[in-house]
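Per chain, numbering begins at 1; letters A, B, ... match sequence-line order.
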Amino acid sequence: MNMSRYNARVTEPKWQAEWEKGAVFNAQVDHNREKYYVLEMFPYPSGRIHMGHVRNYTMGDVVARYKSAVGFNVLHPMGWDAFGMPAENAAMEKKVHPGDWTYQNIADMRAQLKPMGLSIDWSRELATCDPEYYGQQQAMFIDMLDKGLVYRKNAVVNWDPVDMTVLANEQVEAGRGWRSGALVERKELTQWFFKISDYSEELLGAIDNLKDWPEKVRLMQKNWIGKSTGMQFRFKTTGAPAGFEELDVYTTRPDTLFGASFAAISADHPLAKALEADYENIAAFNAECRQMDTTEEALETAEKKGYDTGITVTHPFNPSWELPVYIANFILMGYGTGAIFGCPAHDQRDLDFARKYDLVVTPVVCPDDQDPDTFTIGADAYLGTGKLINSRFLDGLTIEEGKTEVINRITVAGMGEATTQYRLRDWGVSRQRYWGCPIPVVHCEKCGVVPEKKENLPIELPKDVTFEKPGNPLDRHDAWRNCECPSCGGAALRETDTMDTFVDSSWYYARFTAPRADTPTVAEDAAYWMNVDQYIGGIEHAILHLLYSRFFARAMNITGHLPDNAVEPFNALFTQGMVCHETYKDVDGKWLNPDEIKPVDDGYVDGAGRPVTVGPSIKMSKSKKNVVDPEDIIDQYGADTARWFVMSDSPPERDVEWTASGAEAAWKHLQRVWRLTDEITQMDDTAGSADEALALQKATHRAIDDVTNGVEGFAFNKSVAALYQFTNAMAKSKADKVTKTASMLTMAQLMQPMTPHLAEEIWATLGGAGLVAQASWPAVDPDMLVDDTVTMPIQINGKRRAEIVVSATASKEEIEKLALASDAVVKALDGATPKKMIVVPGRIINVVI
RNA sequence: GCGGGCGUGGCGGAAUGGUAGACGCUGCAGACUUAAAAUCUGUUUCUCGUAAGGGAGUGGGGGUUCGAGUCCCCCCGCCCGCACCA
């Protein structure tokens with residue numbers, strides 16, 4: 001027989017050209033069809049795609065192709081998150097303009113992505129560094145300014161005095177700038193902020209409606225917003241400097257007020273700062289607190305430390321009760337009022353602190369199963385429920401009743417009130433950098449801070465900049481900075497801050513609905529395409545990107561750029577796992593790339609034949625060298641193999657381990673499917689039997705059902721398993737040519753979302769009409785899923801002992817009779833009658849003896 | 001410390017409370033071949049047994065149930081996130 005071999009290198013580009021020729025994936029508004037918007041988090045154009053991209057985009061592609069096949073009008077776009085620091089770093093290191101570097105990277109990555117055969121509407125491609133894109137972002141900034149969603153205030157930044165630049169937290173290493181090594185200073189700058197905190201309650205409440213988001217992400221967002229309800233009240237102080245006659249504290253446990261034994265303030269509290277001037281020891285202690293490493297590990301081991309200021313405060317319900325005021329290292333200025341009262345019995349940190357400084361520990365909540373007269377606190381604070389004790393007028397109340405009572409009395413006395421706190425703070429968007437979207441405002445001596453006129457947008461970044469000198473090139477570009485005041489026409493200066501790149505990614509999903517429009521969005525397109533029906537990306541964006549996007553969609557609604565129903569832009573979210581690989585080290589402990597090693601009998605050796613140590617499988621990363629380049633895999637096996645592999649085995653939300661043998665197996669499988677197709681074309685028309693035909697048809701419908709369920713349930717690994725099973729059935733089948741051809745055409749349809757090129761080739765070879773990419777999804781015939789007979793296991797006392805074959809339509813009684821007559825049951829019963837019989841038709845028979 | 005998740009063969013992983021280990025990898029045996037590769041067939045949880053067949057088994061311990069990987073309680077281990085958040 002003349003066997004043709006499937007050559008992905010030839011076939012894949014052929015079908016990609018066909019799709020492009022037919023503009024198969026270009027999306028157009030069609031009000032007669034229901035839309036479906038699939039979006040994967042767009043990539044940063046680093047210049048190389050990696051396996052994580054392959055997995056992410058293949059998942060999105062499977063969904064897009066499947067939804068299209070079942071009749072939706074699908075939008076599946078791609079773009080580039082193209083602003084950001086790496087381009088400036090490259091500019092400094094390689095003397096290349098950030099724009100040139102970025103656009104070259106985009107070209108390189110697009111060239112690597114296209115061979116994957118993704119069903120992307122490339123006509124909608126955008127990059128956030130295109131003036132066409134960021135100009136619209138500037139227009140929205142101006143609209144947001146107009147609606148009071150943007151404001152300026154002073155904020156502290158990490159300042160590198162050598163590089164003359166602001167550093168992100170991750171660029172500060174052990175208190176020094178990562179590039180210059182200079183000691184980082186805390187510097188106050190006037191910066192731009194979005195009023196996201198006004199939406200704390202709204203963003204929190206709406207999380208409950210995000211039913212198709214992972215529970216984990218919803219929880220992380222809730223915690224980030226960090227709502228707490230409590231009470232804020234004022235202590236009267238004794239011995240404090242002028243201006244500090246009162247101390248404002250916040251508590252979530254007003255009920256424990258009678259268990260208070262001290263008050264504590266943050267080292268950054270104004271009172272602590274005021275004391276610094278007069279007391280050297282306090283200045284030293286505060287300095288120590290501020291230096292404290294805030295990493296988790298350090299905090300865990302950090303000892304609770306305090307400094308007794310000598311100041312006291314008066315208990316609000318007992319004028320003769322004085323509490324000492326400490327400066328404590330575990331109080332943060334950024335939350336609440338930066339001051340607390342400590343109730344050691346019911347807060348672990350306060351307890352640790354009290355034990356260290358020998359402060360009173362009075363329990364005020366007694367668990368219901370304990371005697372109030374003997375209940376004491378040992379090493380652990382009591383955080384549970386119970387009745388209040390040792391609390392005068394609160395005694396006997398529950399915690400909730402106590403809170404209400406204390407808040408009432410404090411409020412009546414005019415000492416404080418119930419308050420709600422959120423952890424979420426306003427979003428600072430100013431960046432003192434070049435490669436970002438310029439903030440479109442002008443500073444005029446006469447008019448102040450004035451928004452640029454919209455007709456002057458986009459405010460483009462000047463091209464002629466250098467990075468040889470430290471600092472922001474925009475600051476020293478006089479020709480760009482000097483401008484006309486949009487208000488009075490006089491001489492003015494441009495704002496040189498650019499926007500945080502999270503702003504760029506907070507609305508690109510909306511821009512994709514009308515990427516070339518000369519307004520940020522177009523009402524008709526946004527109304528039709530929004531929301532994103534399925535968003536797919538990494539868990540690392542669980543908080544910031546998704547929260548900012550949710551806020552921005554609301555801001556766009558307020559400024560008229562998105563309809564009311566698009567304030568929650570992502571209907572469903574899926575967070576995929578990472579691609580991992582084993583790690584390898586040579587005898588010197590140097591990391592080795594997988595292609596630098598070769599297998600031997602008991603492990604691997606390196607190029608010089610020296611043994612290689614195999615380490616655990618962890619996320620592919622350049623630093624560990626455990627990377628497999630998608631381009632190499634596509635060159636060697638083709639895109640379908642890479643796509644098939646990343647969809648197989650592991651559930652999408654979990655990490656997948658890339659193995660050479662797994663990739664090889666994926667390739668072999670696709671070759672096998674092709675071989676089976678080829679065999680069908682060469683079959684004799686008269687071969688095969690009717691029985692075999694029916695069995696294959698049943699296997700086909702079983703496969704349709706299983707693959708569909710897998711894709712619908714985001715369990716692509718199960719779809720892959722079902723296709724393996726179907727292939728095995730196909731290989732073994734002795735059905736006639738017509739039946740086999742029909743089944744193989746169905747196979748092509750079912751494989752199409754995952755291996756689109758091979759699917760097209762099979763489809764074309766066997767005479768399918770048009771492109772399989774445009775064929776509708778095969779319908780399952782429920783009758784074909786039912787067998788005439790069914791094998792049922794028989795359990796005796798819950799242990800499987802035998803099985804019988806019964807008619808699928810047999811009644812409970814009939815099955816029971818057959819079971820009782822079976823050898824195993826007769827033998828086990830030995831003439832006795834069973835105590836109980838459980839018969840679940842089609843499932844199980846359990847005989848209890 | 002707090003919060004979340006996970007624990008099933010040599011490995012990745014399947015399993016509406018109903019035959020644990022689908023499917024894939026690996027290993028082993030065989031067919032084809034002068035040989036190899038490729039392909040095909042069989043086999044592969046452990047254990048006792050020549051076999052027929054039996055026993056054990058889803059991190060550990062208890063419980064609910066006719067029946068538990070799945071539900072409940074306690075414990076152990078691993079992974080992820082975080083903000084000592086009052």
[N] pairs with which nucleotide, Watson-Crick or G-U wobble, both distances below 3.5 Å?
N     : result
B:U58 : none
B:U34 : none
B:U19 : none
B:U70 : none
B:G3  : B:C80

Using whole Å, report how far [atom1] of [X] lies from [atom2] of [N].
X        : N     : atom1 : atom2 : value
A:Asp823 : B:G53 : CG    : P     : 12 Å
A:Gln221 : B:G81 : CD    : C1'   : 13 Å
A:Arg425 : B:C85 : CZ    : P     : 13 Å
A:Leu383 : B:C84 : CG    : C1'   : 13 Å
A:Arg675 : B:U39 : CZ    : P     : 6 Å
A:Ile794 : B:G67 : CD1   : C1'   : 15 Å
A:Leu676 : B:U39 : CG    : P     : 12 Å
A:Arg843 : B:G18 : CZ    : P     : 6 Å

Side-chain donor-acceptor pairs of residues 715-723 of chain A under 3.5 Å, sequence neighbours excluded:
| unit_1 | atom_1 | unit_2 | atom_2 | d |
| --- | --- | --- | --- | --- |
| A:Asn717 | ND2 | A:Asp649 | O | 3.4 |
| A:Ser719 | OG | A:Val707 | O | 2.9 |
| A:Ser719 | OG | A:Val711 | N | 3.2 |

Residues 340-350 of chain A vs side-chain hydrogen bond (donor to acceptor under 3.5 Å, both in side chains), sequence neighbours excluded, gives A:Asp347-A:Arg349, A:Gln348-A:Asp352
[atom1] gap between [N] and [M], integer Å:
N     : M     : atom1 : answer
B:A56 : B:G69 : P     : 13 Å
B:U70 : B:G7  : C1'   : 14 Å
B:G81 : B:C25 : C1'   : 32 Å
B:A22 : B:G12 : C1'   : 13 Å
B:U45 : B:A20 : P     : 14 Å
B:C46 : B:G9  : C1'   : 9 Å
B:G59 : B:U8  : C1'   : 10 Å
B:G5  : B:C73 : P     : 13 Å

inquiry  = Let's go through A:Phe258 and A:Thr362 carefully: what are the C-alpha distance in whole Å and the side-chain angles of both, what is the deciding distance for side chain to side chain contact (heavy atoms under 4.5 Å, CB included) to 0.1 Å, and is it a yes or a no?
reply    = CA-CA 8 Å; A:Phe258 286 98; A:Thr362 312; over 6 Å; no
The correct set of residues in residues 348-356 of chain A placing a heavy atom under 4.0 Å from RNA chain B is A:Arg349
Ring centre gap for [X] and [Y] strictly below 6.0 Å:
X        : Y        : answer
A:Tyr724 : A:His669 : yes
A:Phe645 : A:Trp667 : no
A:Phe353 : A:Tyr326 : yes

Criterion salt bridge (charged side-chain N to carboxylate O under 4.0 Å, His left out) on A:Lys740 and A:Glu679, from CA distance to verdict: CA-CA 10 Å; A:Lys740 279 198 157 187; A:Glu679 281 165 18; 5.9 Å; no
One should read off an interatomic distance between A:Ile844 CD1 and A:Ile838 CD1, to the nearest 0.5 angstrom, of 10.0 Å
Checking the side chain of A:Tyr382 only, and the main-chain atoms of A:Thr385 only, is there a donor and an acceptor separated by less than 3.5 Å? yes
query = Is a side-chain N or O of A:Thr309 found less than 3.5 angstrom from the main chain of A:Val325, in a donor-acceptor match?
reply = yes
Tested for side chain to side chain contact (heavy atoms under 4.5 Å, CB included) against A:Val406, the lone hit among A:Asp255, A:Leu257, A:Thr256 is A:Leu257
Is A:Ile539 touching bases, backbone alone, or none of the nucleic acid, heavy atoms closer than 4.0 Å? nothing
Once you apply a heavy-atom cut-off of 4.0 Å, does A:Asp347 come out as touching a base, just sugar-phosphate, or nothing? nothing
Assert: residue with more 5' nearest nucleotide on RNA chain B, out of A:Ala339 and A:Arg423, is A:Arg423
Heavy-atom nearest nucleotide on RNA chain B taken for A:Gly338 and for A:Lys827; more 5' hit belongs to A:Lys827
Quiz item: Less than 4.0 Å between a side-chain N and a carboxylate O, is that true for A:Asp678 and A:Arg675?
Solution: no
salt_bridge(A:Glu400, A:Lys403) N-O dist < 4.0 Å: yes
Please list each protein N or O that sits under 3.5 Å from an N or O in nucleotides 22-25 of chain B, with the distance.
| unit_1 | atom_1 | unit_2 | atom_2 | d |
| --- | --- | --- | --- | --- |
| B:A22 | O2' | A:Gln725 | NE2 | 2.9 |
| B:G24 | OP1 | A:Asn728 | ND2 | 3.3 |
| B:C25 | O2' | A:Ser661 | OG | 3.1 |

Practice problem: Determine, step by step, whether A:Glu657 and A:Glu582 satisfy the side chain to side chain contact (heavy atoms under 4.5 Å, CB included) criterion, reporting the C-alpha distance in whole Å, the side-chain angles of both residues, the deciding distance to 0.1 Å, and the verdict. | Solution: CA-CA 8 Å; A:Glu657 189 188 354; A:Glu582 277 184 333; 3.7 Å; yes
Base orientation of B:G69, chi within 90° of 0 counted as syn, else anti, reads anti
For this session: Run the numbers on A:Met837 and A:Leu820 for side chain to side chain contact (heavy atoms under 4.5 Å, CB included), then give the verdict.
Result: CA-CA 10 Å; A:Met837 289 278 296; A:Leu820 285 172; 4.0 Å; yes
Next item on the list: Start with the C-alpha gap between A:Glu664 and A:Ser661, add the side-chain angles, then the distance that decides, and say whether side chain to side chain donor-acceptor pair (under 3.5 Å) holds.
Entry: CA-CA 5 Å; A:Glu664 175 86 13; A:Ser661 60; over 6 Å; no
Each nucleotide N or O in nucleotides 55-59 of chain B that has a protein N or O under 3.5 Å away: list the pair and distance.
| unit_1 | atom_1 | unit_2 | atom_2 | d |
| --- | --- | --- | --- | --- |
| B:G55 | OP2 | A:Arg801 | NH1 | 3.1 |

Picking from B:G13, B:C66, B:U41, the nucleotide nearest the side-chain atoms of A:Ser650 would be B:G13
Side-chain contact check for A:Arg800: nearest option of B:G42, B:G18, B:A20 is B:A20
Protein heavy-atom contacts under 4.0 Å, written 5' to 3' over nucleotides 3-11 of chain B as B (base), S (sugar-phosphate only) or - (none), form the string SS-------
